[in-house]
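Computation of the quantities below employed the complete heavy-atom set of this structure, encompassing side-chain atoms and omitting hydrogens, waters and symmetry-equivalent molecules. Labels below follow one simple rule: chain letters A, B, ... track the order of the sequence lines, proteins then strands, and each chain is numbered from 1.
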Amino acid sequence: MTQEYLVAHRSWQAWGVLAAGMAFTGLLGAYILSLLGQSANVERLVAQRTEELHRANEETKSAQLQLVQAAKLESVGRLAAGVAHEVKNPLAVILFAIDYLKESVDSKDPNVPTALNDAREAVVRADAVIRALLDFSTGAELTPSVQDVNDVLQKALLLVRHAITKAHILVVEEFEEGLPPAMLDTNKFEQVLVNLFINAIDAMPNGGRLTVRTRQERLKGVGPEVGARRTDRFRVDVSVIVVEIEDTGTGIEEGAQARLFDPFFTTKSPGKGTGLGLAVCKSIIALHGGTVGIANKEGGGGARATVVMRSVRPQGEGTTDG
Amino acid sequence: MDRIRVLLIDDEPGFTRMLKLNLERRGFEVRVENDGATAHSVAREFLPNFIFLDVIMPDVDGGEVASKIRSDPGLKEVPIVFLTAGVSKEATRVKGNVIGNETYLAKPASVDEVVRCIEKSLGKKAGIGSRSL
């Protein structure tokens, strides 16, 4: 009886040990599973942090590049301002001397007037290069005010009316009505528009059509210059004003596309362009917090310049978008 | 008919010499001063109808010269235009060459531009440098 009890008792103990073992194994399994889960979480966190670090690194690199670029521009600005003063005075003397000689020289040699005219044009050209260099480097001072982009476009078109008529170009205005205003330095923005118009006109030496289009757009998706990062020019879902200037001209040559906005890059014949026009445009539009791009139209047949600017909310709704 | 008296104040002798030649041929009476420090006393003596004034000059700059001339009762009504290499044509194009309260003409300018500027300041249309005073 005692022996049976003991056997039974041992059996209970054995069951107990077995049950405890199973429970322990279960707990151990659960613990291992939990560890594995935590490990997956850790891996996900590490991946996320790595991605964030990578992005932060890219942003830092981009910011560094911008700083270097700004420092370079500042140096160019100081240099240009000094050069401008030192060069403009001699240019002024030469111009007055040419004007004096033109009315004084009574030569039978027909080349004399030609030589004086060539000299005069050379002075005007040199002055244009200096002016463009000054614009490029000292454009940091904006005097912005709330403006109707359509109005500014119309004024800028008036400034190039003569060139448009001379080149037999038809102007098509597709201005969206009720466009929200934008904060613009009208003189500088007008300078950009005139530059883009002149480029379009020069691309159509045998006439053509210049389409000027405006519209309001809400930026829907992430894209170039659009996103949530600090370095992105625009945030997703902001309201912007899009200006398009289209020509039916020769289009952009393949190799030129990437260098269009580089200082001193020009596809125009010698004497026609300073190579600083588009660089100045980009600098001015960037100061306004906008973007400018030029590309061939889909399907060819000319080029399209696109300027994207922030709009100003109607009165009472706060400040600028974005 | 007296000729219009124009005073040129600029530290660049070549510049004032060439402008003087051109303006004299257009009928203006011109006096040149290349030193900002003595410009005011020259103006008091010459009593110009119009003054072209350089901005950046050694020792005494254009701003200081303008201030002295404007505080002189005998000269304060004389129009002063700053003829300078320090501004761009784009900047001066705004509101008929006026930036702030001052009138500027950007260097280099043609003789025609200079004469137009004098005529505009004196409210005169004829291109000859003389008028009834």
Side-chain angles (χ1 to χ4, degrees), chain A residues 77 80-105 116-117 119-139 141-143 145 155 159 185-192 194-195 276-277 280 284, chain B residues 6 8-28 30 32 34 52-58 61-62 81-100 104-117 127-128:
Chain A
V83 166
H85 188 256
E86 292 312 310
V87 175
K88 274 169 174 252
N89 267 316
L91 286 182
V93 178
I94 297 169
L95 198 57
F96 284 151
I98 293 167
D99 281 351
Y100 189 77
L101 289 174
K102 269 176 87 172
E103 290 178 30
S104 311
V105 175
L116 287 171
N117 275 335
R120 195 175 203 287
E121 276 174 28
V123 170
V124 171
R125 215 171 97 196
D127 182 43
V129 172
I130 292 167
R131 280 203 325 256
L133 197 60
L134 273 176
D135 283 341
F136 177 59
S137 54
T138 58
E141 293 159 24
L142 289 184
T143 317
S145 55
K155 280 176 199 155
L159 292 173
D185 180 317
T186 41
N187 288 311
K188 288 206 160 59
F189 193 64
E190 204 177 88
Q191 186 186 341
V192 170
V194 166
N195 213 302
L276 283 167
V280 171
I284 291 174
Chain B
V6 178
L8 307 179
I9 306 166
D10 193 305
D11 64 318
E12 289 270 342
F15 176 80
T16 47
R17 189 162 49 241
M18 279 301 114
L19 184 53
K20 183 174 188 281
L21 282 175
N22 278 290
L23 289 179
E24 281 178 346
R25 191 158 58 191
R26 302 276 181 116
F28 295 93
V30 182
V32 164
N34 297 121
F52 271 126
L53 179 55
D54 190 13
V55 177
I56 304 165
M57 291 190 288
D61 67 19
V81 168
F82 289 93
L83 190 51
T84 174
V87 296
S88 71
K89 283 201 188 317
E90 279 69 29
T92 54
R93 189 164 57 92
V94 187
K95 292 180 185 172
N97 290 4
V98 176
I99 305 172
Y104 290 84
L105 193 59
K107 288 181 186 175
S110 69
V111 176
D112 284 341
E113 281 176 285
V114 170
V115 171
R116 271 199 302 273
C117 181
I128 306 297

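- Interface residue Leu91(A): backbone and side-chain heavy atoms are both found under 4.5 Å from chain B.
- The minimum heavy-atom distance between Met18(B) and Phe96(A), with the atom names listed, is CB-CB, 3.5 Å.
- How far OH of Tyr100(A) is from CD of Glu24(B): 8.5 Å, rounded to the nearest 0.5 Å.
- A salt bridge links Arg26(B) and Glu103(A); the closest N-O separation between the charged side-chain nitrogens and carboxylate oxygens is under 4.0 Å.
- Arg120(A) places a side-chain heavy atom less than 4.5 Å from the side chain of Ser110(B).
- Here the closest heavy-atom approach between residue Asp127(A) and residue Pro108(B) is recorded as OD1-CD, 3.3 Å.
- Between Lys107(B) and Asn89(A) the shortest side-chain heavy-atom distance falls below 4.5 Å.
- At least one donor-acceptor pair closer than 3.5 Å links the side chain of Asp99(A) to the backbone N or O of Val111(B).
- Expressed to the nearest 0.5 Å, how far CG of Asn22(B) lies from OG of Ser104(A) amounts to 8.0 Å.
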